[in-house]
Every structure is written in structure tokens, then in C-alpha cells.
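Both backbone and side-chain heavy atoms feed into the values below; hydrogens, waters and symmetry mates do not.
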Amino acid sequence: MSIQNTLIIDKKANFYKDVFELVMLIPEGRVTSYGTIAKYLGATRSSRLVGWAMNLSHTHDQYIPAHRVVNRQGLLTGKMHFPTPTTMEELLNAEGVIVINDQVQNFDKIFWDPFIELG
DNA sequence: CTCTTGACTGGTT
DNA sequence: GAACCAGCCAAGA
């Protein structure tokens, strides 16, 4: 195990950790996108990794509100990965987010931008 | 080790 | 606006 490999492993671990922490900062009733998270973490072209991180979120100790993360169009593309196909929409509805046909309503209004919210 | 598969995005047609 | 394509990168077969 070289020092370089160690650094790479740490980097990967930090990326997932950062994703989880950022997602947990999303307020109720607000949503953001995978790409935005990736961009904020300096991995603009690696939005798929954010999706993969969400896939691993269930292994995380703390609760990750992955339902507040949708794609750039505001579509619930990840709803299949919840306990039931309707869980994601139900969670959002419970927070006051209206979802019609997998599309978040007023998406541009409730969109949560870390660059603006966190500076 | 190679090949496929995505909880994605941006640009092009 | 819809459909298609290329770049991205971590798992799993």
C-alpha cells in the first residue's frame, strides 16, 4: 500500500462523506440536483458518482434525505431505489413539495443552490 | 483483467 | 421540445 493509494482512498471516502453531509444540509421542502452537488464538491463532470453515493446512503449511520435530490429537470429519477416506488414522492409531499407525474412542481422556486445558500 | 451498467449532464441535431 | 451522443467513474459479473 503506497502513500499515493492511501491518498486516493481517502479522497474517495471524503467525496462520499461530503455528498452525505451536503445532502443532509438541504432544508425540508427544498430540493437540489445531482449535478449541482457534484459541481459544489469540485467534480462537475462526475454527477453519476453522486447518484452512486445516494445508492450507498443506506449504509451510512445517519439519515440521508436522498429524496431531496433529483435530476436537473426536477424528475424523481431515483424513486425506484426507495423501499417502494412511491416512497420518494410521499416523503416530498409530506414536506410540502408537490410532485406530479414524477415532476417536482415549482422546481426553480424550491431549488436549493449550495453556492447561494452556503456561499 | 475486460465489459456492462447506471439515483447524470451538456451539447448537438 | 425530444432524441441521441459522448464524457464521467465506481461496482459487479
Exercise. In whole angstroms, how far is the C1' atom of C:dC9 from the CE atom of A:Met54?
Worked result: 16 Å

Problem set entry | Atom-pair distance (CG on A:Leu22; P on B:dA7), nearest Å | 21 Å

Exercise. Under 4.0 angstrom, heavy atoms only, what part of the nucleic acid is A:Ala66 near: base, sugar-phosphate, or nothing?
Worked result: base

Exercise. Counting only distance, no hydrogens or angles, is the base of C:dC8 paired donor-acceptor with the side chain of A:Ser46 under 3.5 Å?
Worked result: no

Exercise. So A:Phe107 and A:Phe111, would you call those rings parallel, tilted or perpendicular, with 30° and 60° as cut-offs?
Worked result: perpendicular

Indicate every side-chain donor-acceptor pair of residues 75-86 of chain A with a distance under 3.5 Å to a residue at least two apart or in another chain.
residue, atom, partner, partner atom, Å
A:Lys79, NZ, A:Asp102, OD1, 3.0
A:Lys79, NZ, A:Asp102, OD2, 3.0
A:Thr84, OG1, A:Thr86, N, 3.4
A:Thr84, OG1, A:Thr86, OG1, 3.2
A:Thr84, OG1, A:Thr87, N, 3.3
A:Thr84, OG1, A:Thr87, OG1, 2.7
A:Thr86, OG1, A:Glu90, OE2, 3.2

Problem set entry | For atom CE of A:Met80 and atom C1' of B:dG6, their distance in whole Å | 13 Å

Problem set entry | Nucleotide C:dA11, atom C1' - distance to CG of A:Leu56 in whole Å | 9 Å

Exercise. How close or far is atom C1' of B:dA7 from atom NE2 of A:His58, stated in whole angstroms?
Worked result: 12 Å

Exercise. Could you state the CG-C1' distance from A:Asn55 to C:dA11, rounded to the nearest angstrom?
Worked result: 10 Å

Problem set entry | Heavy-atom side-chain proximity of A:Ile37 to A:Val23 below 4.5 angstrom | yes

For this session: Give the rounded distance in Å between these two atoms: CZ of A:Arg48 and P of C:dG12.
Result: 16 Å

Seminar exercise, completed: Against the side chain of A:Tyr34, the closest entry in C:dG7, B:dT9, C:dA10 is B:dT9

Exercise. Just to confirm, is there a sub-4.0 Å distance from OP1 or OP2 of C:dC9 to any side-chain nitrogen or oxygen of A:Tyr16?
Worked result: no

For this session: Nearest whole angstrom, please: distance from the C1' of C:dG7 to the NZ of A:Lys39.
Result: 17 Å

For this session: Classify the side chain of A:Arg45 and the base of C:dG7 as holding, or not holding, a donor-acceptor pair under 3.5 Å.
Result: no

Exercise. At under 4.0 Å between heavy atoms, what does A:Asn71 touch on the DNA or RNA strands: base, sugar-phosphate, or nothing?
Worked result: sugar-phosphate

Exercise. So how far is it from A:Leu41 CG to A:Tyr16 OH, rounded to the nearest 0.5 Å?
Worked result: 12.5 Å

Exercise. For atom CD1 of A:Ile98, is the number of surrounding heavy atoms from other residues, nucleotides or ligands below 6.0 Å larger than 12?
Worked result: no

Exercise. OP1, OP2 of B:dT9 versus side-chain N and O of A:Ser33: anything below 4.0 Å?
Worked result: yes

Exercise. Has A:Arg72 got a side-chain N or O lying under 4.0 Å from the OP1 or OP2 atom of B:dG10?
Worked result: yes

